Each structure stands twice: as C-alpha cells, then as structure tokens.
Amino acid sequence: MKISNISILSLAAAAVIIGTHQLITVGLMASYPIFMLSVGLLFWYKYRTNKERENQDNTPPSKKPKK
C-alpha cells in the first residue's frame, strides 16, 4: 500500500471522528459536510486501489528464459 493511499484512508477516518464530534456538539447540519468529505475520501481511496489492481492485472507476466 502506497503512502498516499494510507494518508487518504487516515484523513477519511479523521473526518468521521470530527464529524461525529460535531454531530454530538452542534448538530447534523454542521456535521453533514464533514461526513460527505469522509465519504468522498473513501470513494477516492477505493478508486485508487481498484485502479492499481487493474493495472497489475493488465501487465503481462515477465518472460523467464528457458533452460
């Protein structure tokens, strides 16, 4: 897993925690954009991991020399 994927996933988790805190203290209307940010980050993370997996599947296997 690349460091950029780890940071996106960590930011999504942090946004969920901050959104939950805002939900409890202020209300749903104030925390809604924060939750949408976390969902967007999760979608972005999933898109990147699927794209990496697709690129790995499309690469041809390396040819090994015959003995």
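Starting from 1, each residue takes its place in the sequence as its number. What you are looking at is a predicted structure, and each value in this text was computed from that prediction instead of being measured.
Closest heavy-atom contact between Tyr45 and Asn5: CD1-O, 3.6 Å.
Atom CD1 of residue Ile3 and atom CD1 of residue Ile8 lie 11.0 Å apart, to the nearest 0.5 angstrom. Glu52 contributes atom CD, which lies 5.0 Å from atom NZ of Lys2 (distance to the nearest 0.5 angstrom).
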Under 3.5 Å, which donor-acceptor pairs do the side chains of residues 34-41 form with other protein atoms, sequence neighbours left out?
unit_1: Ser38; atom_1: OG; unit_2: Phe35; atom_2: O; d: 2.6

Donor-acceptor pairs under 3.5 angstrom involving side-chain atoms of residues 14-30: please list them, not counting sequence neighbours.
unit_1: Thr20; atom_1: OG1; unit_2: Val16; atom_2: O; d: 2.8
unit_1: Thr25; atom_1: OG1; unit_2: His21; atom_2: O; d: 2.9

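With sequence neighbours excluded, the residues that form a side-chain contact (heavy atoms from CB on, under 4.5 Å) with Asn50 are Lys46, Arg53.
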